[in-house]
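Order of the sequence lines sets the chain letters (A, B, ...), proteins ahead of strands, with each chain counted from 1.
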Number of protein chains: 2
Amino acid sequence: MFAATRAPSGSNRQPFRFLVLADGPAATAAKQLIGDAARRLWSAKRQRDGYTQGSAARPDSPKSRLADTMQQYVDALASVPVLILPCLNRYREPEYTEGANVYPACQNLLLAARAYGYGGVLTMFHKEVEPQLRTMLAIPDSTAMSATITLGRPAGQHGQVRRRPLSELVYQDAWGEPAPWAVDPPGTAFTAAGPPRPVAGAGAGPAAPGVAGPPSSADGPP
Amino acid sequence: MFAATRAPSGSNRQPFRFLVLADGPAATAAKQLIGDAARRLWSAKRQRDGYTQGSAARPDSPKSRLADTMQQYVDALASVPVLILPCLNRYREPEYTEGANVYPACQNLLLAARAYGYGGVLTMFHKEVEPQLRTMLAIPDSTAMSATITLGRPAGQHGQVRRRPLSELVYQDAWGEPAPWAVDPPGTAFTAAGPPRPVAGAGAGPAAPGVAGPPSSADGPP
């Protein structure tokens with residue numbers, strides 16, 4: 001939490017607040033509420049986005065393994081050791097850049113957790129039950145509920161994250177113009193078309209820090 | 001840039017893009033445009049928020065030193081070695097949590113810069129001249145311009161960041177409820193009411209990474 005709260009914010013106002021839910025009665029009830037919402041949302045997405053069709057019919061396909069990992073994640077969410085609700089005390093009307101005041105702090109939290117051997121996942125599952133959570137936890141209307149972060153010991157081991165190569169993400173001088181120096185360091189390229197996943201349960205699964213929301217399937221939509 | 005692009009994003013979609021402006025003609029023009037905007041905005045704020053009154057009349061007051069540092073920052077902005085425009089390829093309508101897909105990457109960038117000895121500052125100065133920048137740099141309308149990050153060698157040295165104590169930022173079980181374990185580590189408390197600033201030019205100035213936008217004055221509004 002110390003690392004999280006040392007993050008930058010506009011004019012150093014530090015409008016971020018972290019509501020930590022561990023094992024008190026209110027925490028247990030809030031975690032149950034978010035966990036139920038997550039199960040409903042994932043169940044609907046699993047059907048809608050075809051996580052039981054195509055390559056997902058093969059149980060060892062990336063899509064099928066992703067679906068299984070997500071199912072485990074939402075099933076266990078209510079019993080996660082620590083669930084943190086990062087919030088933002090608004091001083092302006094809501095708008096699309098307000099997250100610059102809270103998500104850097106969230107990333108500091110995820111990185112610190114990883115450094116200590118914990119896994120962290122940032123999701124938006126609270127949105128589904130936000131009015132109930134506000135009542136239950138006395139969160140003021142003037143405060144944005146910006147994320148839901150779960151923390152715990154990863155079931156597998158931390159692996160390399162799966163990302164597009166630098167050349168697709170970094171431009172120079174104009175939109176879409178390649179930056180010749182933006183080349184992935186040796187041994188790090190690990191994209192959908194790249195080398196196989198290092199170990200089952202590691203890497204892109206929800207237990208890995210650095211993954212926000214349901215991780216993408218390697219053969220899913222981009 | 002590699003650290004930035006390894007950040008998490010919803011469903012691992014990686015919608016963040018980084019447009020790097022160094023010293024080409026378009027980069028120079030864009031930096032000039034943003035620099036001019038920054039000077040106008042700071043000039044107006046300096047007047048409006050009383051940066052020449054009260055304690056700011058004393059040249060060694062925190063408020064006065066902040067104002068001087070901000071002035072230096074905006075005056076030098078157009079000639080900063082590297083200016084990066086983090087952008088977000090939107091896949092949904094704009095909304096207040098979309099920054100969860102780009103600001104963790106920005107924070108990774110700031111932390112990596114700091115690790116290499118560079119100073120980074122995240123601001124919103126581009127907003128003032130966004131239409132001109134979109135035309136100049138061919139940034140699509142469907143892409144959010146999420147921030148302006150300047151990178152360079154800090155003029156001073158990096159100091160401890162100035163933040164509220166943990167007890168004001170971390171709650172447990174319900175809004176506003178103190179978390180008894182949330183205590184600043186020994187030797188780290190460094191708030192407005194805390195120990196004096198370690199060295200001139202370090203800490204809360206714009207050259208320090210971890211500071212987003214104009215840093216706050218120690219005796220300014222919270």
Side-chain angles (χ1 to χ4, degrees), chain A residues 1-2 5-14 16-22 24 26-27 94-100 103-104 106-108 110 122 124 137-140 144 146-147 161-164 166 169-176 179 182 184-185 204 210-216 222, chain B residues 1-2 5-14 16-22 24 26-27 94-100 103-104 106-108 110 122 124 137-140 144 146-147 161-164 166 169-176 179 182 184-185 204 210-216 222:
Chain A
M1 297 316 303
F2 185 72
T5 56
R6 301 310 102 172
S9 57
S11 293
N12 197 24
R13 283 191 187 88
Q14 307 159 65
F16 39 68
R17 298 293 182 275
F18 293 89
L19 178 48
V20 179
L21 303 175
E95 47 90 34
Y96 66 96
T97 60
E98 71 173 30
Y103 298 120
C106 293
Q107 180 65 1
N108 273 12
L110 292 173
L122 189 153
M124 294 292 164
L137 302 168
I139 299 171
S146 306
V161 296
R162 186 185 293 264
R163 301 288 186 269
R164 297 173 196 268
L166 264 183
L169 302 171
V170 178
Y171 306 141
Q172 184 167 20
D173 288 334
W175 193 256
D184 294 79
V211 177
S216 74
Chain B
M1 298 314 304
F2 185 71
T5 56
R6 302 307 101 173
S9 57
S11 294
N12 196 25
R13 283 191 186 87
Q14 306 160 65
F16 38 69
R17 297 292 182 276
F18 294 89
L19 178 46
V20 179
L21 303 175
E95 47 90 33
Y96 65 96
T97 60
E98 72 173 29
Y103 298 120
C106 293
Q107 180 64 2
N108 273 12
L110 292 172
L122 189 152
M124 295 292 162
L137 302 167
I139 300 172
S146 306
V161 295
R162 186 183 293 264
R163 301 288 185 271
R164 297 172 196 268
L166 265 184
L169 303 171
V170 178
Y171 306 141
Q172 185 167 19
D173 290 336
W175 192 257
D184 293 79
V211 176
S216 75

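The shortest distance between side-chain heavy atoms of B/Gln107 and A/Cys106 does not fall below 4.5 Å. A 4.5 Å side-chain heavy-atom check between A/Arg163 and B/Thr5 finds every atom pair outside the cut-off.
B/Leu122 approaches A/Ala100 most closely through the heavy-atom pair CD2-CB, 4.3 Å. Here the closest heavy-atom approach between residue A/Gly99 and residue B/Tyr103 is recorded as C-CD1, 3.4 Å. Among all heavy-atom pairs drawn from B/Leu166 and A/Met1, the shortest one is CD2-O, 3.6 Å. When all heavy atoms of A/Leu169 and B/Phe16 are compared, the closest pair comes out as CD2-O, 3.6 Å.
When each of B/Ala174, B/Pro104, B/Ala182, B/Ala26 is scored by its heavy-atom pairs under 4.5 Å with chain A, the top score falls to B/Pro104. Considering only heavy-atom pairs separated by less than 4.5 Å from chain A, the leading option among B/Thr97, B/Val170, B/Leu137 is B/Thr97. Note: B/Pro140 leads B/Pro94, B/Gly24, B/Ser146, B/Pro140 in heavy-atom pairs under 4.5 Å with chain A.
For a residue to count as touching a neighbouring chain, one of its non-hydrogen atoms must lie under 4.5 Å from one of that chain's; by this rule B/Ala27 touches chain A with backbone and side chain alike. With a threshold of 4.5 angstrom between heavy atoms, A/Glu98 approaches chain B through side-chain atoms but not through N, CA, C or O.
Scanning for side-chain contact (heavy atoms from CB on, under 4.5 Å) contacts around B/Ala22 gives A/Gln172, with sequence neighbours left out. In this structure A/Tyr171 satisfies the ring pair (Phe, Tyr, Trp, His ring centres under 6.0 Å) test together with A/Trp175, sequence neighbours excluded.
Using a distance-only test at 3.5 Å, with no hydrogens or angles considered, a donor-acceptor pair links the side chain of B/Gln14 to the main chain of A/Arg164.
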